[in-house]
Amino acid sequence: MLIHPQFDPVALSLGPLSIRWYGLMYLVAFIAFYLLGRHRIRQGKAASDGTPWSEEELDDLLFWGVLGVVLGGRLGQVLFYEPAYYFSHPLEIVAVWKGGMSFHGGFLGVLIACAAWGRKHGKSFFTITDFIAPLVPLGLAAGRIGNFINGELWGRVADPSLPWAMIFPQVDAQPRHPSQLYQAGLEGLTLFLILWFYSAKPRPRAAISGAFLIGYGIFRSMAEYFREPDAGIFGQSYVVSMGQWLSLPMVLIGLAMMVVAYRRR
């Protein structure tokens, strides 16, 4: 039986300053976004509709995106998953270094940042989202690895005969699914490969964005069956989890976007 290594969440201490693994994984995500974005710009594949992009625009977009991810992700965690706790401990809302970020909240934050950045630079909303969609999944994988290092978001109880079933000592002594790694593989690596190759050829505007919504929503819903459900605002449900509720509209909107995109073409 595998046992979670119980990593020290602090990767490096410099006097009173502590650098946590969770924060480093976010740094990895932003670096991956930037390097992949530069590659697509230099290869002339930044936008399937032919809209030109520059590396200076990528720099500025990344800054806006970081704000959207951090602010939206934290507010999403507060409002969607743990409102009672954070409203009782309001000072904990700003303690992002302790973990606790919602993908769906961060996703909404990034969409708002993209819309504001697009107005500033004169680029259409879907031109921006089509560009960034293939750059995001590797960052999601890094975030899930951060969850695994922290020993949080553990999986449901698994069959002891499962070769990779893992005990999380901080939870109990039962074998569980390492669902953080499932999510890193599905909504991270697998989604990245799908979008990277799908976006390699010209596609109708908004089609790549729609593919991201569909892919993430499906993979997240699949992984939720192996993850211990969060309580969320709807309570703790073993039938439909909070993550699945929030992923359902992503899939439906993504399907509608792809249908409209290909009909217009």
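Throughout, numbering of the chain's residues begins at 1 and tracks the sequence. Predicted, not measured: the structure shown is a model, and the values here were computed from it.
- In this structure, Leu186 CG and Leu140 CG are separated by 12.0 Å, a value rounded to the nearest 0.5 Å.
- Under a 3.5 Å cut-off, the side chain of Arg176 and the backbone N or O of Gly155 do form a donor-acceptor pair.
- Linking ILVMFWY residues whenever their side-chain heavy atoms come closer than 4.5 Å, directly or via other members, leaves Leu71 and Val69 in distinct clusters.
- Under the 3.5 Å distance criterion, the side-chain polar atoms of Lys123 are matched with a main-chain donor or acceptor of Pro52.
- The CZ atom of Arg156 sits 8.5 Å away from the OH atom of Tyr225 when rounded to the nearest 0.5 Å.
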- [ ] Let me see the working for Ser179 and Arg144 under side chain to side chain donor-acceptor pair (under 3.5 Å), right down to the final yes or no.
- [x] CA-CA 9 Å; Ser179 56; Arg144 294 309 178 190; over 6 Å; no
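- Between the Arg74 side chain and the Ile93 main chain, a donor and an acceptor come within less than 3.5 Å of each other.
- A continuous path of ILVMFWY side-chain contacts below 4.5 Å connects Val110 to Phe63, so both sit in one hydrophobic cluster.
- In this structure, Gln174 and Ile167 have side chains that are not in contact, with every pair of non-hydrogen atoms separated by 4.5 Å or more.
- Listed here is the closest heavy atom pair of Pro137 and Glu187: CB-O, 3.8 Å.
- In the model, Gln183 has a side-chain atom that pairs as donor or acceptor with a side-chain atom of Arg227 under 3.5 Å.
- Side-chain contact check for Leu36 versus Phe192: some heavy-atom pair is nearer than 4.5 Å.
- Asn147 contributes no side-chain N or O that, together with a main-chain N or O of Glu152, makes up a donor-acceptor pair within less than 3.5 Å.
- Closest non-hydrogen pair, His4 versus Ile149, comes out as CE1-O, 3.9 Å.
- Rounding to the nearest 0.5 Å gives a distance of 11.0 Å between CZ of Phe126 and SG of Cys114.
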- [ ] Run the numbers on Leu248 and Leu252 for side-chain contact (heavy atoms from CB on, under 4.5 Å), then give the verdict.
- [x] CA-CA 6 Å; Leu248 177 60; Leu252 297 178; 4.2 Å; yes
Task: CA sep, side-chain torsions, deciding dist, call: His177, Met166, side-chain contact (heavy atoms from CB on, under 4.5 Å) - done: CA-CA 6 Å; His177 291 279; Met166 180 173 291; over 6 Å; no
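- With a 4.5 Å cut-off on side-chain heavy atoms, Tyr81 and Tyr86 do not count as touching.
- Taken from CZ in Phe131 to OG in Ser209, the straight-line distance is 12.0 Å, to the nearest 0.5 Å.
- When all heavy atoms of Arg220 and Ser247 are compared, the pair lying nearest together is CG-OG, 3.4 Å.
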- [ ] For the pair Tyr22 and Tyr26, evaluate ring pair (Phe, Tyr, Trp, His ring centres under 6.0 Å) and give the outcome as yes or no after the intermediate values.
- [x] CA-CA 7 Å; Tyr22 193 76; Tyr26 268 78; 5.3 Å; yes
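- Under the 3.5 Å distance criterion, with hydrogens and angles disregarded, no donor-acceptor pair is assigned to the side chains of Trp21 and Asn150.
- Taking the six-membered ring where tryptophan is involved, the planes of Phe212 and Phe107 are essentially parallel, since the angle between them stays under 30° and well short of 60°.
- Heavy atoms only, all atoms of each residue included: Gly210 and Met257 are closest at N-CE, 3.6 Å.
- Under the 4.5 Å side-chain criterion, counting only non-hydrogen atoms from C-beta, Trp196 is not in contact with Leu191.
- Val10 is not connected to Leu24 by any chain of hydrophobic side-chain contacts under 4.5 Å among Ile, Leu, Val, Met, Phe, Trp and Tyr, and they are in different clusters.
- Nearest heavy-atom pair across Ala165 and Pro175 is CB-CB, 3.9 Å.
- To the nearest 0.5 angstrom, Met258 atom CE is 5.5 Å from Ile214 atom CD1.
- The line from CD of Glu82 to NE2 of His89 is 11.0 Å long, rounded to the nearest 0.5 Å.
- Phe219 places a side-chain heavy atom less than 4.5 Å from the side chain of Ile194.
- Between Lys120 and Asp60 there is a side-chain heavy-atom pair separated by less than 4.5 Å.
- One hydrophobic cluster holds both Leu12 and Ile145 under the rule that ILVMFWY side chains link at heavy-atom gaps under 4.5 Å.
- Within the 4.5 Å cutoff, the side chain of Arg203 has heavy atoms near those of the Lys201 side chain.
- Note on Leu75: it does not cluster hydrophobically with Phe87, by side-chain heavy-atom contacts below 4.5 Å among ILVMFWY residues.
- For the residue pair Ser241/Glu224, the side-chain donor-acceptor check at 3.5 Å is satisfied.
- With a 4.5 Å cut-off on side-chain heavy atoms, Ile208 and Pro134 count as touching.
- Taking the six-membered ring where the residue is Trp, Trp154 and Phe168 present tilted rings, their angle falling between 30° and 60°.
- Between Ile41 and Trp53, the shortest heavy-atom distance links the atoms CG2-O, 3.6 Å.
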Open item on the list: Before you tell me yes or no, could you show the steps for Trp164 and Leu181 under side-chain contact (heavy atoms from CB on, under 4.5 Å), namely the whole-Å CA-CA distance, both residues' side-chain angles and the distance that decides it to 0.1 Å?
Closed with: CA-CA 11 Å; Trp164 54 85; Leu181 302 182; over 6 Å; no
Task: Chi angles and distances behind the side-chain contact (heavy atoms from CB on, under 4.5 Å) call for Leu35, His39 - done: CA-CA 6 Å; Leu35 294 178; His39 175 77; over 6 Å; no
Open item on the list: As a quick check of understanding, evaluate ring pair (Phe, Tyr, Trp, His ring centres under 6.0 Å) for His104 and Phe80, giving each step before the final call.
Closed with: CA-CA 9 Å; His104 295 91; Phe80 296 153; 7.4 Å; no
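- One N or O on the side chain of Thr190 and one on the backbone of Gly185 form a donor-acceptor pair closer than 3.5 Å.
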